[in-house]
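In what follows, a structure is listed as structure tokens, so that the remarks can point back to it.
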Amino acid sequence: MNHPLLGQAGERHLLLGNEAIVRGALEAGVNMVACYPGTPSSEVPDTLNKLRACQRFTLEYSVNEKVALEVGGGAALAGALTLVTMKHVGVNVAADPLLTMTYTGLPGGLVLLSADDPGCHASQNEQDNRYYARFASMPCFEPANPQEAKDMTKAALLLARETQQPVLLRTTTRINHMRGPVTFGPLGEPAPIVPFSRNVRRFVPVPATARARHPMLLQHMEDMRVIAEKSPFNTTAGNAKVGVIASGVSRAYLHDVLMAHGWEGKVRVLELGMTWPLPEQKIELFMRSVHALLVLEEGEPLVEAELRCLAQKQGLPLAIHGKHDPLTRLGEYSTTKIAEALGAILDEKVENACGLHCEELPQRPPNLCAGCAHRSAFYAVRQIFGDDAMYSSDIGCYTLGVLPPLSGADFAFCMGSSISSGSGFAHVSGKPVVAFIGDSTFFHSGLTGLANAVFNRHNLLVVILDNGTTAMTGHQPNPGVSAEVLGEQAAHLDIEAIVKSMGVARVEKVRGYNQKALQRTLEELKGQNGVRVLLVEEPCVLFARRTLKKARTQVAFVAEQGEAAEKCLATFACQAFCKNAEGVAVDEELCAGCMVCMQLSPAFKARKRGTE
Amino acid sequence: MSQKLRIYLTGVGGQGTLTATTLLTRIILDQNLPVVAGEIHGMAQRGGVVESTILIGGWQSPSIQLGEVDILLGFEPLETLRGLAYLRTGGAVFSSTEFTPPPSVSAGKAVLPPMESIQKSVAEVAEKAWFFPIKTIGLQAGSQQSGNTALIAAACASGLIPVSIEALEAGIRKYMPAKLVEVNLKAVALGVEALHTTGKH
């Protein structure tokens, strides 16, 4: 097959950080990739998915991150060079196998990609997963540009194979979603499979064997410190009495600050690309060569704390500057923040531009698409339950149901929490609770919550919003996707059959665009107790158009202006509606032709698309 | 060291801002200029703001801070105004004049700033600015999305971005799917024409 990412050594391409990770994995000869999609990691598996035909590796979209890491761990036990990808919060889900895999080691080699999201661009928190490198005891690489993303992925995989121990590749959104030139190395042949030899004293971590493996893990990390001392990704440059130790994307910011302000000659810089374990000798030498030191790292002051320890141990008198305004533990760093912090140490005046700020402008929050059946479901639930019920939300497009007028979210924690935290909330509050969960999230970790709800006789209504795809992250496969779309790759699982087999006494299924059936069924379910499930089926409107190739034949229009049309605008608020001088209008380009508005209000009528 | 230039592109999710950014960045790299690009879109495929950056001349990080942008490409006028905080005094603006109303405006709870006031605000910061109806131009070329290409073509034709129209056309042929090439080449011609016929503001 022909694809730029399969090009020859020496070629240079503009790549997204995530595409560069794919090339690095191919250069290393990766055999197996398992993932659960999540921004900002998703383009890694999605790019590999497009390259399946090259037959160099196996890719699976697992049902959640724990499963992905266990499948990947099993593959690496059986000798495959393995990459497992996920977003930062996914590593929490996968933490259980992770913290024991480092005890057993994995003969084939395994790299875990953790794509962190400082600034919460698309996440529920901004946790710093460098902690996991320390927590689980694994070496960590942090690229600062796409070229390094490629090079470090390869280096991490080769190190994992050589040492038979897991390695962490930690990125942040800016790196995953940055484009830059990448010069290719040679494409690697798929790595040879390392034969598995039975060794229960290593691979079965009962207490006696686990205790014996722990000191071996600590020794491994000391060995890795020696590797870090010599790593080509840890480099020193410049000759001055003010030092900067930088890691992650801060290295790119630092470069740009030095260039923009002409400070290149004023600082000595130690860049850390292999960031755990720290090369302590190299750092000590560096600290002895400067009077003052600025530590640049987004997130938690992890490197800073280590440096302070080291300075204390060695009795070094230098001043260490780290997390201090404007360099805080919050959000992302930037060139302006780093210029300000470094300027203060260099005693250089920095005047940051501020630009023209306009008066309050109308906000443009992300919103459920025109024709999204989630909107229809939220509308129906609010009609029946209003403000009496509490709405337990989850992670997916439908979290956007929090926006008024739908207001269909009162709380949420993480993937799958809607059912279980809804159970606990209902038990204590005594209020009716409606939990919303999507199909992919249901398979991810809603199943266990539902089993628990049935088992412990909880009382809540679970609305499964089944749009037949993993919509929020870009339409990745999940077990709920139809057999026709999945093809040979994977098997379809039937949500209704699963829910029934779990012992849910009351299970109803309706089409998402059918308001009458939705409202009638919800009214019935409202009057009952125990665990009830309403399965709302309707394909994601974007998926229907792009993948299922469904034509949009109809379009809605406002036949009669007045109170009815205004009310529908105010309460349903479809993205295709627009208030104008005449009243309410429907944007033909945006309208998906779902005709839910027509069912809600006599003001709306349908016509054939393209006719006036 | 080559000329340093920082470009900021902004638009609405689904409009094609990132496709336009990638095309332009690839063409710039093909001129052998050092370039990086960044994008921030989070959940914005659902109609939120999509911002991206292109930095030419040796920058390593993809982000641009307030008041640092040399050229702002606004694919939607409300986003042009929102993004104006990033423009440096004396920078240049190429913007669409055709709105995509955000939810609060569609619901009648907020109003869009009039185009004249956007142009006035732009004039307070920018030394040069051009405004085009890019949706209309796109439809004229054959697809609404190709209006983005027309805006890029106008910026290239102005001489402010180091990409010639010939290089832009070659890039479209090289990087766009075959079925979109003709429409986008037509959009280039219309964009160039618009630059010469539209009065600079």
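Quick caveat, the model's predicted, so the values are computed rather than measured. Reminder, nothing fancy here: chain letters follow the sequence lines and each chain counts from 1.
Val111(B) touches chain A through its backbone: at least one of N, CA, C or O sits under 4.5 Å from a heavy atom, while the side chain does not. Heavy atoms closer than 4.5 Å to chain A are found in both the backbone and the side chain of Arg26(B). Leu403(A) does not touch chain B: none of its heavy atoms, backbone or side chain, sits under 4.5 Å away. Interface remark: Phe577(A) contributes backbone atoms only to the contact with chain B (heavy atom separation under 4.5 Å). Heavy-atom distances place both the backbone and the side chain of Leu29(B) under 4.5 Å from chain A. Within the 4.5 angstrom heavy-atom criterion, atoms from both the backbone and the side chain of Glu39(B) approach chain A. For Thr89(B), no part lies near chain A; criterion is any non-hydrogen pair under 4.5 Å.
For Pro102(B) against Gln363(A), the heavy-atom pair with the smallest separation is CB-O, 3.3 Å.
Using modelled atom types and a 3.5 Å distance limit, the side chains of Arg179(A) and Thr22(B) yield a donor-acceptor pair.
Ion pairing between Glu589(A) and Lys135(B) fails under the 4.0 Å rule for side-chain N and carboxylate O.
Going from atom CG of Leu78(B) over to atom CG of Leu361(A) covers 5.5 Å, rounded to the nearest 0.5 Å. We find the NE2-CH2 distance between His255(A) and Trp59(B) to be 9.5 Å, quoted to the nearest 0.5 Å.
Put simply, the side chain of Asp256(A) gets close to the backbone of Gln60(B): a donor and an acceptor are under 3.5 Å apart. Between the side chain of Arg174(A) and the main chain of Ile40(B), no donor-acceptor pair closer than 3.5 Å is present.
A 4.5 Å side-chain heavy-atom check between Arg82(B) and Arg364(A) finds at least one atom pair inside the cut-off.
Note on Cys372(A), Pro181(A), Pro146(A), Ala570(A): by heavy-atom pairs under 4.5 Å with chain B, the leading option is Pro181(A). Interface check for chain A: of the options Gly91(B), Gly38(B), Ser52(B), Ser63(B), the most heavy-atom pairs under 4.5 Å are formed by Ser63(B). The residue among Thr335(A), Asp117(A), Asn145(A) with the most heavy atom pairs within less than 4.5 Å of chain B is Thr335(A).
Contacts between residues 103-110 of chain B and chain A, counted as heavy-atom pairs separated by less than 4.5 Å, involve Pro103(B), Ser104(B), Val105(B), Ser106(B), Ala107(B), Gly108(B), Ala110(B).
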